[in-house]
Amino acid sequence: MKFGTFGFRICFGFRDSDFGFVLDFEIQIGEESMKKYLYYPGCSLEGTAREYDVSTRAFMKAMDTKLLELEDWTCCGASAAEAVSHLLSVALPALNLAIAEKRDTPEDILVPCSACYLNLKKAQEETRKDPDLLKKVNIVLQEKNLRLQGKVQVRHLLDVISQDIGSERIREQVKRDFSGLCIAPYYGCQCLRPYPVFDDPEVPRSMEPLITATGANVHPWDMGGRCCGASHMNTKPEVGQALVGAILAEAKGADVIVTVCPMCQMNLEAYQRKISSNYGEDLSMTILYLPQFLGLAIGLSEDEMRLDMNLSVTKETRNKLGEMAFALAA
Amino acid sequence: MNEVYKQPTANGPQATADPLARIRGMIQSCIQCGTCTGSCPNAFAMDLTPRHLWRLVLMQQKDDIFQSRTFVLCSACYYCTLRCPRGLPLTEAMGGLKQIAAKEDLPLYKHSIRFYKSFMESIRRHGRVRETEFMTLYFGAMKNPLLPFRFAPLGMKLMGKGKVGVQIPSKNDPNSLDAVFRKAEELEGKDEG
């Protein structure tokens with residue numbers, strides 16, 4: 001639904017006087033279907049998770065939403081800032097919130113990376129609760145001529161897809177028959193906890209209606225909210241491999257695990273051979289980002305979704321996807 | 001215990017030089033129920049359970065705390081924070097212990113500390129992380145010639161996919177966050193006086 005913008009004008013004038021005024025109104029019809037978001041990609045989406053960036057932009061565009069990239073955004077501090085300095089762990093994400101606040105009517109900030117999302121959200125919540133911290137943060141931000149007031153909403157991509165877009169609008173646009181696919185939804189930690197915003201932080205389910213809207217089945221498991229080990233895979237690999245191994249083992253029977261975080265994605269996809277040899281069984285599994293999977297369902301191509309950049313798309317999944325290509329359109 | 005309390009000053013009464021005091025304050029009302037331990041996905045790899053660690057923090061056993069690897073095994077999944085019946089910010093408290101270890105550059109945690117510091121150095125220089133530079137800094141800091149080989153297979157795979165490029169460590173980037181870092185360090189240094 002795109003009607004565009006209509007304007008009308010009401011003029012007032014006082015009898016026998018030169019005074020008068022004019023009121024201009026503007027109504028945007030179809031505004032709901034062109035919702036805008038301030039897009040914060042985060043560092044991973046420029047590098048190791050480029051396919052998450054590409055598929056997010058393409059899917060959101062297909063869903064009639066507009067992403068405006070936050071200008072001159074900087075790193076949120078990832079999990080590193082928290083391990084080094086409390087003040088920096090708040091000031092780095094706050095810097096980006098302050099850039100967003102420079103806009104006249106700041107839109108919601110949309111964040112696809114769960115770690116970035118939590119850092120931005122935490123900076124927002126902590127400075128709201130603690131005026132002393134806000135003051136300190138603003139002294140730091142002064143170095144970049146920025147100031148945090150706390151005006152913007154920070155939202156995770158899954159929040160926006162499940163709440164603002166919703167499964168019905170996806171169902172309307174589905175172009176492929178995915179009824180032969182079984183999908184394991186993996187949420188990870190930081191989009192769910194500690195702030196329960198759009199889902200149950202213990203038993204997350206927000207992806208299920210999105211998956212069934214495509215015709216696919218949901219893999220029954222309770223590993224969706226388990227931890228992938230985050231940066232343990234680099235500094236304490238045995239621990240990271242044990243956590244991911246348990247997740248991959250429970251995913252057996254599914255065709256694909258879908259994720260909503262570049263760190264989870266990397267941990268689940270990049271070490272499958274090593275973990276399989278630890279386990280003594282083949283745990284290879286296709287791991288896709290949620291917008292890649294949804295994008296394929298609504299008819300965007302594998303090239304557009306950059307499936308070539310994923311580190312683990314199994315032959316079986318490729319064949320299945322090939323067979324399902326545009327089945328509904330035929 | 002070698003706690004040094006500062007005299008109350010104009011800009012902060014009860015300012016204290018004991019870095020553990022801030023963390024003790026966060027978990028003061030811990031009832032030692034063990035929900036944190038039961039919820040922790042990494043507890044299997046820890047030498048002390050999280051519950052035990054909180055007890056040591058309350059008892060000011062700094063030496064024991066910083067001989068344990070428990071807090072560096074926290075992967076910030078926030079299960080304990082979510083479930084703690086006292087509503088304590090336990091994940092943040094784990095972060096606080098990591099910060100002390102980083103500030104005091106304790107050798108037991110050098111893997112994690114140097115990993116995080118290398119990451120921070122990269123964003124300090126460029127505003128955004130440059131993965132290749134960050135890993136190069138990390139390898140340099142670790143001074144272990146075998147370490148890069150562990151990461152080589154993944155690095156090659158990522159390069160093959162065009163996800164990471166070759167970046168030579170550089171300074172003087174116009175997007176540098178050096179001023180922000182310096183100001184934050186200055187303010188945090190003042191707090192600890």
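Basis for what follows: all heavy atoms, side chains included, without hydrogens, waters or symmetry-related copies. To find a chain, count down the sequence lines: A is the first, B the second, and so on, and within it residues start at 1. Just so it is clear, the model here is predicted, and its values are computed rather than measured.
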What part of A:Leu243 gets closer than 4.5 Å to chain B, counting heavy atoms only: side chain, backbone, both or neither? side chain
Run the salt-bridge test on A:Glu46 and B:Arg128 with the 4.0 Å N-O cut-off and return the result as yes or no. yes
Answer with side chain, backbone, both or neither: which region of B:Leu97 has an atom nearer than 4.5 Å to a non-hydrogen atom of chain A? neither
Given B:Lys98 and A:Val84, is the side-chain contact (heavy atoms from CB on, under 4.5 Å) satisfied, shown in steps? CA-CA 7 Å; B:Lys98 291 177 191 170; A:Val84 175; over 6 Å; no
Can you tell whether the side chains of A:Glu202 and B:Arg83 come within less than 4.0 Å, N to carboxylate O? yes
Return yes if a side-chain donor-acceptor contact under 3.5 Å exists between A:Thr48 and B:Lys161, otherwise no. no
Applying a strict 4.5 Å limit to non-hydrogen atoms, the region of A:Tyr195 in contact with chain B is neither
So, the part of B:Phe151 with a heavy atom under 4.5 Å from chain A: the answer is side chain
Report yes or no: does A:Gln190 contribute a side-chain atom to a donor-acceptor pair with the main-chain N or O of B:Ala76 at less than 3.5 Å? yes
With a 4.5 angstrom heavy-atom cut-off, which part of A:Ala242 approaches chain B: side chain, backbone, both or neither? side chain
Contact part of A:Asn234 toward chain B, heavy-atom cut-off under 4.5 Å: side chain, backbone, both or neither? both
Toward chain B, the part of A:Glu238 with a non-hydrogen atom under 4.5 Å: neither
Can you check side-chain contact (heavy atoms from CB on, under 4.5 Å) on A:Lys236 and B:His111, steps first, answer last? CA-CA 9 Å; A:Lys236 291 159 278 283; B:His111 274 269; over 6 Å; no
Should we count NZ of A:Lys144 as having more than 12 external heavy atoms under 6.0 Å? yes
How many angstroms lie between CE in A:Met266 and CG in B:Leu154, if you round to the nearest 0.5 Å? 5.5 Å
Short question: side chain of A:Arg50, backbone of B:Gly162 - any donor-acceptor pair under 3.5 Å? yes
Flag for A:Ser85-B:Gln99: side-chain donor and acceptor within less than 3.5 Å: no
Under 4.5 Å, counting heavy-atom pairs only, tell me which of B:Pro153, B:Gly95, B:Ala102, B:Ala179 racks up the most with chain A. B:Ala179
Among A:Gly225, A:Ala230, A:Pro196, residue most engaged with chain B (heavy-atom pairs, under 4.5 Å): A:Gly225
In terms of side-chain heavy atoms, does A:Thr235 have a donor or acceptor partner in B:Tyr116 at a distance below 3.5 Å? no
I'd like to know whether A:Glu143 forms a salt bridge (charged side-chain N to carboxylate O under 4.0 Å, His left out) with B:Arg182, so could you lay out the CA-CA distance, the side-chain angles of the two residues, the decisive distance to 0.1 Å, and finally the verdict. CA-CA 10 Å; A:Glu143 297 291 326; B:Arg182 255 188 289 127; over 6 Å; no
Check whether A:His232 reaches the backbone of B:Leu73 with its side chain - one donor and one acceptor, N or O, closer than 3.5 Å. yes
Which atoms of A:Leu192 are under 4.5 Å from chain B, going by heavy atoms: the side chain, the backbone, both sets, or neither? neither
Heavy-atom distances under 4.5 Å only: say whether B:Phe44 touches chain A with side chain, backbone, both or neither. side chain
Cut-off 4.5 Å, heavy atoms of chain B, and the answer for A:Leu118 is side chain
Where on B:Arg114 is there a heavy atom nearer than 4.5 Å to chain A: the side chain, the backbone, both, or neither? neither
